[in-house]
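Worksheet for the structure shown next.
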Number of protein chains: 2
Amino acid sequence: MDADDESILAFLKAVSSRHRLLILTWLLAPRQHFPPQRDGDLVEDGVCVGFITEKIGMSQPTVTGHMQILAEAGLVTSRRIKNWVFYRPCRDVIAARLGGLEGLLGAAAPEGGGPDAQ
Amino acid sequence: MDADDESILAFLKAVSSRHRLLILTWLLAPRQHFPPQRDGDLVEDGVCVGFITEKIGMSQPTVTGHMQILAEAGLVTSRRIKNWVFYRPCRDVIAARLGGLEGLLGAAAPEGGGPDAQ
DNA sequence: AGACTATATAGGTATCTGGCTATATGGATG
DNA sequence: CATCCATATAGCCAGATACCTATATAGTCT
């Protein structure tokens, strides 16, 4: 387990919660899930906490907590505009973690295609 | 969240544990991590619980518990030969879950490449 | 059959997780 | 400057998780 694996593990812990996985999929396709915002573009700036809170039907502090876990894993960034905080997905980081996970688990052959292949 | 997403979530919960992720990577490349076995081939039959227990340095019941979680997520299967139980990874299921996760998270563009793309 | 071996189950405990309410913070607005 | 608004933090509690030891189970071998 090197540092790379640690970030993959953080990614897995972040998205292994039903609610966080759901939120992340919403953020990745925000116009499909949220109405337009006055003071920030859904795609360019992200989705404000209030929208997420309302849609998921949990308390605002709980949602903030989930967003912090996603942020600490590097999967989203936040930006403040006026009174709102907008969370936007980090598509490159998400792609990198998916790629890293595939590198760990996705090998088709047991030992690199050698004589061990089934 | 449909049934497909549920299996992805089960996959994520199974591999979001450091120890289980480690074990799964060992099982995927067993000859790199374990010595040959007398009564079962590492690749064809899988790795016996005793080997995993010794290598990971935890109690045998704890390891059995981890293996059951991996098995319930469909990521490994078990086979008994004589007194040993061998666990082998289900490479097709693992690949399917990885693919499903990419389908959820891997879209490069926000809304399918439409005018929302950044 | 009886002893032995490897794994599974039961049961107990400490820690982690995920939710809540109440309150603080930091900007915006009048 | 005072108020208000959206979000963040603090603190609490219930349930889940991850480990352990002790014991049961199921199969092998003499």
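Naming: A, B, ... by sequence-line order, numbering from 1 per chain. All heavy atoms count here, side chains included; hydrogens, waters and symmetry mates do not.
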Using atom types as modelled and distance alone, determine if a side-chain donor or acceptor of [X] lies under 3.5 Å from a backbone N or O of [Y].
X	Y	answer
B/Arg80	B/Lys82	yes
A/Glu72	A/Ala14	no
B/Arg97	B/Leu12	no
B/Arg79	B/Asp45	no

Round to the nearest Å and state the distance from [X] atom [atom1] to [N] atom [atom2].
X	N	atom1	atom2	value
A/Leu12	C/dT17	CG	P	14 Å
A/Leu21	C/dG18	CG	P	13 Å
B/Leu9	D/dA16	CG	C1'	14 Å
A/Lys82	C/dT29	NZ	C1'	10 Å
A/Lys13	D/dT17	NZ	C1'	10 Å

Open item on the list: Measuring from the side chain of A/Asn83 (C-beta onward, heavy atoms only), which nucleotide among D/dC5, C/dT7, D/dA18 has the closest atom?
Closed with: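 Of D/dC5, C/dT7, D/dA18, D/dC5 is nearest to the side chain of A/Asn83.
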Task: Candidate nucleotides C/dA6, D/dA6, D/dA18, ranked by approach to the side chain of A/Trp84 - the nearest - done: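 Per side-chain heavy atoms of A/Trp84, the pick is D/dA6.
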N/O (side chain, [X]) to phosphate O (OP1/OP2, [N]) under 4.0 Å:
X	N	answer
A/Ser59	C/dG19	no
B/Arg20	D/dA18	yes
B/His66	D/dT17	no

TODO: Test side chain to side chain contact (heavy atoms under 4.5 Å, CB included) on B/Leu21 and B/Arg18 and set out the steps.
DONE: CA-CA 5 Å; B/Leu21 183 60; B/Arg18 165 181 272 100; 6.0 Å; no
Task: Minimum side-chain heavy-atom gap A/Asp41-A/Phe86 below 4.5 Å - done: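 A side-chain contact under 4.5 Å is absent here.
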TODO: Find out whether A/Arg38 and A/Trp84 are in side-chain contact, i.e. whether some heavy atom of one side chain is under 4.5 Å from a heavy atom of the other.
DONE: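 Contact flag for A/Arg38/A/Trp84 side chains = yes.
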Open item on the list: Quick check on contacts: within residues 47-58 of chain B, what sits under 4.0 Å from DNA chain C by heavy-atom distance?
Closed with: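 Going residue by residue through residues 47-58 of chain B, the ones with a heavy atom under 4.0 Å of DNA chain C turn out to be B/Cys48, B/Val49, B/Gly50.
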- [ ] Name the nucleic acid region contacted by A/Tyr87, choosing base, sugar-phosphate or nothing; use a 4.0 angstrom heavy-atom cut-off, strictly under.
- [x]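 The residue A/Tyr87 makes sugar-phosphate contact but no base contact.
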- [ ] Go along nucleotides 9-15 of chain C 5' to 3' and tag each nucleotide: B for a protein heavy atom under 4.0 Å from its base, S when only backbone or sugar atoms are that close, - otherwise.
- [x] B------
